[in-house]
Number of protein chains: 2
Amino acid sequence: MNHQSKKKATIYDLSILSGCSPSTVSAVLNGTWQKRRIKQSTAERIQSLAEQHRYTANLQARGLRSSRSGLVGLLLPVHDNRYFSSMAQTFEAEVRSHGKCPVVVSACRDPVEEQATVETLISYSIDELFIAGATDPDGVHVLCEAAGIRHINIDLPGTKAPSVISDNYEGARMLTQAIIQRLAATGSPEPDEVYLFGGRDDHATRERIRGFRDVKRQMLGADPDECIQPTGYSPDMTQKAFETYYAREKKVPRGLFINSSINFEGFLRFLAQHPHETFADIVVGCYDYDPFGSFLPFPVLMIRQDVAGMLAKAFEIMEESRPAAKIHLIAPELVQPRTALTGPLDLIREIDTFTR
Amino acid sequence: MNHQSKKKATIYDLSILSGCSPSTVSAVLNGTWQKRRIKQSTAERIQSLAEQHRYTANLQARGLRSSRSGLVGLLLPVHDNRYFSSMAQTFEAEVRSHGKCPVVVSACRDPVEEQATVETLISYSIDELFIAGATDPDGVHVLCEAAGIRHINIDLPGTKAPSVISDNYEGARMLTQAIIQRLAATGSPEPDEVYLFGGRDDHATRERIRGFRDVKRQMLGADPDECIQPTGYSPDMTQKAFETYYAREKKVPRGLFINSSINFEGFLRFLAQHPHETFADIVVGCYDYDPFGSFLPFPVLMIRQDVAGMLAKAFEIMEESRPAAKIHLIAPELVQPRTALTGPLDLIREIDTFTR
DNA sequence: ATTGAATGCACCATCGATTGTGCAAAACGA
DNA sequence: TCGTTTTGCACAATCGATGGTGCATTCAAT
């Protein structure tokens, strides 16, 4: 008759049950009992009592006292695409393996929401914060700095905290080059046949545009401005951009560099409005990897950013005592059409097999 | 020179600055000051001080005292697919609109991890828990019940707490029917030409299999057992199942019912190993929606579960004082090939447009 | 002038843990 | 046998907020 029915057991309950003081119980249960020279037999007695009564520490109380929570945050722009959701997946595994508790929240690419969310996290005495794709990394930095919270930028860099980002310039070069090479197989492409759609005025987009243009100039000898169409990160605006182009030109550019999978979704919406055959000969490059996107009826080249690598680097930097506010570039990978890569989900595969 | 440089301001700091007692400051800043008959002028003075010094409440302290945290949890099996990531996206928006703080965590479909994760959440005095796709919903229920935490199952039902799930039986019927009708256009299909792959021994899979078999018997007159291949929820096992079939039959079944987008990824891995033309005439139905999956080079029928509807219903039930442990079915939607639906991301579209 | 109610706020215990300090009792050495 | 260490643990302050209770004032009513 384990009467754990009422409320959760506290160190005070166990203190009474064991005849020891609350501080002894606390020391035993948080592992510092050796330092406090608690007798092993005492420790064992308390531990077994704790198990019997299903004691678990009240983490808010612990956090209040120690002003650390054991929480590690990941701030995402959005959940709902493969890039960020795989980041969340990888992040969780990594944080868990450090014995801490991952907290993933999204801020909808809204600077105000970002600040508010970060303030909330700080109010929970979060220990560390990974800031992925923030619209205003330096604004977030100020908050973290004031609260003394270790933090790092991922995906979009800031100037005041260390940043781990994808090598967008090189990635864009690879992608553009691959697009043009594919196009060359069916007649050498003109400069105005290769367009870039999507993205907005952020570091990643700027670097990608730079890579795109450099390669175009180098391989095609020219790089008209109208081939750059930064439509923001919304499927809808991207679709509109394609519709506009199509209404004018009665076709789509043969070579498309699409800035993210979210923009690619906008292109899908456009596609859905038109017969499949209209786009028989296009070549698409997407700066993001999505396994389904890789198998579309036209060649889709994709860039897979090395999420695991970026996070690994970020965790490594977090360990440093006083990390420099520099930018670390992580090389992405060019993915050929019709390629199904493994991802973070594969790491949990064994569980499925065991439990069947 | 706002000297917020040191640490975060507390009610004690503001108490000294304002000349009022800490309890007065507290009452003013948490909105209960009217009840406590604090003079309006006092309240305003304190509020302005709070702003100047960028006061934000220490939520751990508040949570400790009030044994509620303002946190609302969503427990996910995994982050990394469109179904669950869109659930996370919708969930966050909904929780935010209630003025609380969303916390999304995944438990990797591992019952042990599930329990541990939930215990952690409980230790943070989480207020409510939404349990999506738990392998052991009733186990989680016991923990929540003991801690007095309101909770609800989503996607996979439990027997002890209210559950909101997709109408898997009807969804599977729709999907199977659509697959067979499509196949009929190119010659009437035999019963052994329509297979189901993926899923494991959970409620959702059982219902889907039931729907699949019923429709097959009804439309094709038979329903051989070997057409059911529950491979678990891992891309890898799914791929292996297809390879095995292919090695034996030198083809794939013309009609495929794939139990989830994760299993579909396994099929992609299989596809990647074989020339595109091998599968020219297949029809795939996938019990999950993925925008890119909808545009593959063969007809892909998809079921979109009504994530928004399920969450809305779940939040509604959460409001009830003593909700019954019954199952609420939410109708899913059949999505025709080459369809790009809008999702939760579209709700944040305006932000993009404004900030450009 | 006296009583009673309303107003405005301070006091203090409390939530559950952590941690510096101090003091017996036991063990040890001479 | 008497100091000196070492061992083993208890005490009490503390983290920051909440909320019940109680005590002055002020004001109105008689």
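As a basis for the values below, the full set of heavy atoms in this structure was taken, side chains included, without hydrogen atoms, waters or symmetry mates.
For A:R45, the CZ atom sits in a packed shell: over 12 heavy atoms of surrounding residues, nucleotides or ligands are nearer than 6.0 Å.
At least one side-chain nitrogen or oxygen of B:Y55 sits closer than 4.0 Å to the OP1 or OP2 atom of D:dA17. Taking side-chain N and O atoms only, A:N30 has no distance below 4.0 Å to OP1 or OP2 of C:dA17.
Between B:K160 and B:E145 no salt bridge is recorded (no basic side-chain N to carboxylate O distance below 4.0 Å). In this structure, A:E113 pairs ionically with B:R96, as a charged nitrogen and a carboxylate oxygen lie closer than 4.0 Å. A salt bridge does not link B:D127 to B:R150: none of the charged nitrogens lies less than 4.0 Å from a carboxylate oxygen.
Base contact: A:S26 has a heavy atom under 4.0 Å from a base atom.
B:I46 places its CD1 atom 8 Å from the P atom of C:dC9, with the value rounded to the nearest Å. At whole-Å resolution of the value, CG in B:L29 and P in D:dT18 are 9 Å apart. C:dT18 atom P lies 12 Å from atom NZ of A:K35, rounded to whole Å. For the pair A:Y12 OH and C:dA13 P, the interatomic distance rounds to 15 Å; values are reported in whole Å. Following rounding to the nearest Å, B:R68 (CZ) and D:dG19 (P) show an atom-to-atom distance of 10 Å. Going from atom CD of B:Q60 over to atom C1' of D:dT14 covers 15 Å, rounded to whole Å. The CZ-P distance, from A:R65 to D:dA17, rounds to 15 Å in whole Å. To the nearest angstrom, P of C:dT14 lies 14 Å from CG of B:L64.
Set against D:dT18, D:dG16, C:dG16, the side chain of B:T10 has D:dG16 as its closest nucleotide.
No donor-acceptor contact under 3.5 Å links the side chain of B:R62 to the base of D:dT18.
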### Query
In the 5'-to-3' direction, what one-character label does each nucleotide of nucleotides 5-10 of chain D receive under the scheme B = base within less than 4.0 Å of a protein heavy atom, S = sugar-phosphate only, - = no such atom?
--BBBB

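A donor-acceptor pair under 3.5 Å links the side-chain atoms of A:S15 to the main chain of A:C20, judged by distance alone.
Partners of A:F315 according to the ring-ring contact (aromatic ring centres under 6.0 Å, His included) rule, which considers only residues two or more places apart in sequence or in another chain, are A:H98, A:F130.
A heavy-atom distance below 4.5 Å is not found between the side chains of B:K8 and B:N58.
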